[in-house]
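Here the structure is a predicted model, which means the values were calculated and not measured. Here is the naming used below: chain letters follow the sequence lines, and residue numbers restart at 1 for every chain.
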Amino acid sequence: MAVTPASELPKNFQPRDAEDRWRRHWEEHRLFHADNTSTAPAYSIVIPPPNVTGVLHLGHGLVQTIQDVLIRHHRMLGENVLWVPGTDHAGIATQHVVVEKLRAEGRTRQEMGREAFVAEVWKWKHEYHARITNQIKLLGCSVDWEREAFTLDEPRAHAVRVAFKMLFDQGLVYRGKYMVNWDPVSLTALADDEVEYEDEEGTLWHIKYPFADGSGQFAVVATTRPETLLGDVAVAVNPTDERYAASIGQMVELPLTGRRIPIIADDFVKKDFGSGMVKITPAHDPNDFACGQRHGLVLINIFTDDARLNESAPEDYRGLDRYDARERIVADLKAAGLLERIEKHPHRVGRGYRSKAIVEPRISDQWFVKVAPLAERAVRAVRDGEIRIAPKHQENTFFAWMENLRDWCISRQLWWGHRIPIWHAKDGSGTMICWDGDGVPPEVAANPAAWEQDNDVLDTWFSSGLWPFSTMGWPEKTADLRTYFPTSVLVTGHDILFFWVARMMMMSYGLTGQRPFADVFLHGLIFGKSYYRRRGGDMELVPPAERMRLGLDEMEQPPKDMEVKWEKMSKSKGNVIDPIEMFDLFGVDSVRISLVAYSGQGRTIEIDRQRISGYRNFINKLWNASRFVLAATESITPEQFRGGILAEGLAREDRWILSRLSECIDAATTALSRYEFDQYIAAIYRFLWDEYCDWYLELVKGRVYLKDGSCTSVAAKVVLLSVLEQVLRLLHPVIPFATEEIWHLLRERLTGAAAGEKVPEAPAPAEAGKVLGFRDGFHGISLCVAPWPTDRTFRDPAACAEIDFLKVIIGGIRNIRGEMGVPLEMKIDVLAQHADPATRSLLESAAPQVQALAGVAALTVAEHHAPAPFASTFVSGALTLQVLLPAALREQEGARLSKELLRLRKGWDVTSAKLSNEKFANSAPAPVVEKEREKLRAYESDMAAIEAKLQSLKG
RNA sequence: GGGCGGAUAGCUCAGCCGGUUAGAGCACCAGCCUUACAAGCUGGGGGUCACAGGUUCAAAUCCUGUUCCGCCCACCA
């Protein structure tokens, strides 16, 4: 590729073309492939595997970009970096999608049979797998695709079986009867955290159970689920409840069933709720189950799998759906005069997170992991700092949760997943074989008819719990496992701290004895803008279609009758931002940097397209600064540049920008090491835009335009290039495409090498002392593998002070221009006076820059100037500027000075009040007091000067 | 009910191991197509840092309480 002349580069950065080109370049050169024989310090991350049939959303964009920033940063630090990609089979979610698809085709999984259904899901998986992985590639993630894993592929299946058997043999996996959240639509048990609760307006029925002694008295119980009374086995009261002390041990008639049940005493009953009497249905309520266990009560399951009444119910009700049964039962109770009253009762209803069906608490045989011993180890790891959680406050949430865990139900009545590696003897003896090998255990092979494999599959989180080491080849002792495990950091949303992060910790300690990762970084959740219209007192969501029709997303402010609310993104709210669409509009880099810049720790991330376009502008700024630098430095030879920055020829602005660059490198590096991504971006953003572009480029233009090849001109160009090249390296982790594009333009220019070609490392500084640090990174074939800038300590306070002074002067003149409305084409003369000769010579030497930046015709510097006939005055300490202006502006100048005086007086008041407080002078540290005195003096002299000017204006 | 977090400019946020006239981006106003950039440049307006107390010479920053908002966990039969 020939070197493109800077004049031919487009005025705006074109992301699309650059993205494709560099993605290919990285792939061709296998830059993201990890070498497990490397001796460099290892740095590894496993990706939180997205659902294999999922579609990329901004949440993925965020979590993947954060990881990519870390990975790219550490790769540039020269570490042995591995980022493992992969996808999750996502049991319920995926099965649900395929079931729905089949339903649309008029088919059901039951009629297909297990094998055919699972084959169908695999087909589906293959089809959609490419979609999500391509989207991760689009994002520019520097993962090692040669190590891609899937939670249900053969190596992971092997790991799952081995893990299950290890836990089984240790007695940490067991089978038991347990109250589970039964989803009657998905026909599976759900883990507690797969149930979503919502407040709903329910009904509380107060039902009378007649005492069996024929006294005509009733025990009144209240329930939100009257149909469950068919499974009641007792009525409970609190043992300290005096009202019912005499009833304990008596029997009551259970309506509609002809059964008699006892009244028992149990602490869990609240005396002040309802009548203080509770019906006990151990098979259909968690509390009742626990109570039943305590009292040795029987379990009566009254439901079928799809929540119809079963044969345990009286004949009249059998086969009825639970809600039809409810109506019938309520009606029958009413008819029997056993319904005392009905009241409205707000309560929380649990629904399956996929099917949205109301879950039915139910007793069934399930597999469990005994978590107590595993949790204890994980908690200790966090307490001892063996695993660090950022942000820190999440640790408390973690502890609170870990310390009251129930055993983890790991069986799911699904077909899509890791089938439980247990074979049951069909003889009813309860004999089980746990087998972690391929195929079937030998006993089963010998006599297949006598055995039956457990029908259930494992909870998805069981296999993802092994992810940090199953991806490395565990249980085999692979080179990857030795080199990259434990991993360095786990990045994920705080919403799955418990689902996933805690389980990885437990599994890792339980199975490998090691921590799964050293750090956990939990990012916030992404919120989008929803629009609501005020309707009377209510707020009504503006539906997505209307939102689009009105073009609300393009508006700066919502229409008057609407309000914006930031909410978790969801399709139905219409507040979803599609990352792919954003890629098209603004480029991948803009999306990446926006997400990372807003990912302040531990909160929601509220994002809309205006933010993204703001960062697109930033990238464009970088692009245009680069165009300028390329054009301005065409005369620079590779030798001149690669020799490093010579102290000779450096001007004060060069030393200043290098000093500021060094501080920026330090700030960016520190921020990254602390996961403070917003700080990382802010530091570079500020530096590039506010210092490099706004000041440095402008300050050196004069020297750059010198065509004489002088030492000062060369120095300016070398510094321009060097600073830009290092900024590109600093920004590369977050905007890899744009920086790679520009970096190669520079590299070709300055080394003559094409993108894939290697070049020698920049020569080491020949004359120490005459050459500053800041060597270039062009010896790599890609910015991905260029070294991270290391010059963090170069400081030049004198140059910084001088530039700050020039900024004050230029700012002062510009302020006058702006306030007085002097147009830029009108060049003005300025008289500067300063008592200090050194400052005067600084001013004289900087005169061309002041003239250029402030639109000044002549800058005359003297120890003292006589007052001009008319001038606008700027005062700062020993400096006075008179900006010569037409006398017509006299009145305006008066107003301007009065405003300035007011501002100064406000400052003076505050400072003088502080100083006149004796206690302040006595107690505050001397430097603080001295600083205040200094401030006061400055106010006073500035005020005096301005007052004098005001007087002379009047006179 | 328990826990965690938040309240700073119109919006989104930074500052918070106490000490500048409280900052940024976007939005707003005025003027500029100044040969890197109008996706830009220059200037400007805008905040009693939720409220009430307290500690301190000094509080956006530390402590207590109140109000409101968000999230997580448990759960009311």
Sugar-phosphate, base or nothing in reach of A:Arg225, heavy atoms under 4.0 Å: nothing
For the student: nearest non-hydrogen atoms of A:Ser613 and A:Phe586, plus distance: CB-CE2, 3.5 Å
Whole-angstrom distance between B:rC72 and B:rA30, as gauged at atom P: 45 Å
B:rA22 to B:rC4 separation - P atoms, rounded to the nearest Å: 33 Å
Base partner of B:rG70, which must satisfy Watson-Crick or wobble distances under 3.5 Å: B:rC4
P spacing across the pair B:rC71 / B:rU66, given as an integer number of angstrom: 22 Å
Atom NZ of A:Lys931 with >12 non-hydrogen neighbours under 6.0 angstrom: no
Between P of B:rC72 and CD1 of A:Ile389, the distance in whole Å: 17 Å
Out of B:rA36, B:rC57, B:rG45, whichever nucleotide has its closest atom nearest the side chain of A:Lys899: B:rG45
Check: B:rU42 base within 3.5 Å donor-acceptor of A:Arg817 side chain: no
Touch class at under 4.0 angstrom, heavy-atom based, for A:Ala400 against every strand present: nothing
Salt bridge present between A:Arg933 and A:Glu940 (N-O < 4.0 angstrom): no
Proximity to the side chain of A:Val928 - top-ranked nucleotide from B:rA36, B:rG19, B:rC4: B:rG19
Rounded distance in Å - CE (A:Met820) to P (B:rU42): 21 Å
Atom pair distance, as rounded to whole Å: CG in A:Asp694 and P in B:rA36: 14 Å
Phosphate OP1/OP2 of B:rU21: any A:Lys935 side-chain N/O under 4.0 Å: yes
Nearest-angstrom distance, C1' atom, B:rG10 to B:rG45: 13 Å
Below 4.0 Å: OP1/OP2 of B:rC11 and any side-chain N or O of A:Tyr598: no
Side-chain donor/acceptor of A:Glu819 to base of B:rA30, under 3.5 Å: no
Any A:Asn287 side-chain N or O less than 4.0 Å from OP1/OP2 of B:rC76: yes
Whole angstrom value for the distance that separates P of B:rA36 from CD of A:Glu634: 13 Å
Counterpart base for B:rC62, defined by Watson-Crick or G-U wobble contacts under 3.5 Å: B:rG54
Contact under 4.0 Å: A:Asn815 side-chain N or O vs B:rG44 OP1/OP2: yes
Nucleotide nearest A:Tyr685 when distance is taken to its side chain, options B:rC41, B:rG45, B:rG25: B:rG25
Euclidean distance, atom CG of residue A:Leu901 to atom C1' of B:rU21 [Å, nearest integer]: 15 Å
Toward the 5' end of RNA chain B, by each residue's nearest nucleotide, A:Thr911 or A:Asn620: A:Thr911
Side-chain N or O of A:Asn617 closer than 4.0 Å to phosphate OP1/OP2 of B:rG40: yes
Sugar-phosphate, base or nothing in reach of A:Ile816, heavy atoms under 4.0 Å: nothing
Sugar-phosphate, base or nothing in reach of A:Val221, heavy atoms under 4.0 Å: nothing
B:rA74 to B:rC68 separation - P atoms, rounded to the nearest Å: 25 Å
A:Arg616 bridged to A:Asp589 by N-O distance under 4.0 Å: no
For atom CE of A:Met402 and atom C1' of B:rG2, their distance in whole Å: 19 Å
Phosphate OP1/OP2 of B:rU34: any A:Lys701 side-chain N/O under 4.0 Å: no
C1'-based separation of B:rG44 from B:rU48 [nearest Å]: 23 Å
Donor-acceptor pair (no angle test) under 3.5 Å: A:Asp678 side chain, B:rA14 base: no
Sugar-phosphate, base or nothing in reach of A:Asn917, heavy atoms under 4.0 Å: sugar-phosphate
Sugar-phosphate, base or nothing in reach of A:Asn922, heavy atoms under 4.0 Å: nothing
Whether A:Tyr685 and A:Tyr615 hold their rings parallel, tilted or perpendicular, with breakpoints at 30° and 60°: perpendicular
Nucleotide forming a Watson-Crick or wobble pair with B:rG31, both distances under 3.5 Å: B:rC41
Under 4.0 angstrom between A:Lys11 side-chain N/O and B:rA38 OP1 or OP2: yes
Sugar-phosphate only, base, or nothing, as touched by A:Phe586 at under 4.0 Å among non-hydrogen atoms: nothing
Side-chain N,O (A:Tyr615) to OP1/OP2 (B:rC26) below 4.0 Å: no
A:Lys208 bridged to A:Glu340 by N-O distance under 4.0 Å: no
Rounded C1' spacing from B:rU8 to B:rC69 in Å: 16 Å
Check: A:Asn815 side chain, A:Gly811 main-chain N or O, donor-acceptor pair, under 3.5 Å: no
Base paired to B:rC16 (Watson-Crick or G-U; both N/O distances under 3.5 angstrom): none
Rounded distance in Å - CG (A:Leu595) to P (B:rG25): 20 Å
Presence of A:Trp689 side-chain N/O under 4.0 Å of B:rC41 phosphate oxygens OP1/OP2: yes
A:Tyr692 six-ring centre to A:Lys621 NZ/CZ under 6.0 Å and within 45° of normal: no
Under-4.0 Å side-chain N/O to phosphate OP1/OP2 contact, A:Lys827 with B:rU34: no
Proximal nucleotide (of B:rU12, B:rA36, B:rC76) relative to the A:Arg611 side chain: B:rU12
Ring centroid separation A:Tyr939 to A:Trp908 under 6.0 Å: no
Span that lies between the C1' atom of B:rC57 and that of B:rA52, in whole angstrom: 23 Å
A:Lys914 with A:Glu932: basic N within carboxylate O range, under 4.0 Å: yes
Length of the CG-C1' vector between A:Asp266 and B:rA77, whole Å: 13 Å
Sugar-phosphate only, base, or nothing, as touched by A:Arg616 at under 4.0 Å among non-hydrogen atoms: base
Pairwise 5' ranking along RNA chain B for A:Asp690 and A:Glu698, keeping only the more 5' one: A:Asp690
A:Gln679 side chain, from C-beta outward: closest of B:rA36, B:rG15, B:rA24: B:rG15
Nucleotide of B:rG25, B:rC4, B:rC57 approaching A:Asn396 most closely (side-chain heavy atoms): B:rC4
Touch class at under 4.0 angstrom, heavy-atom based, for A:Pro925 against every strand present: base
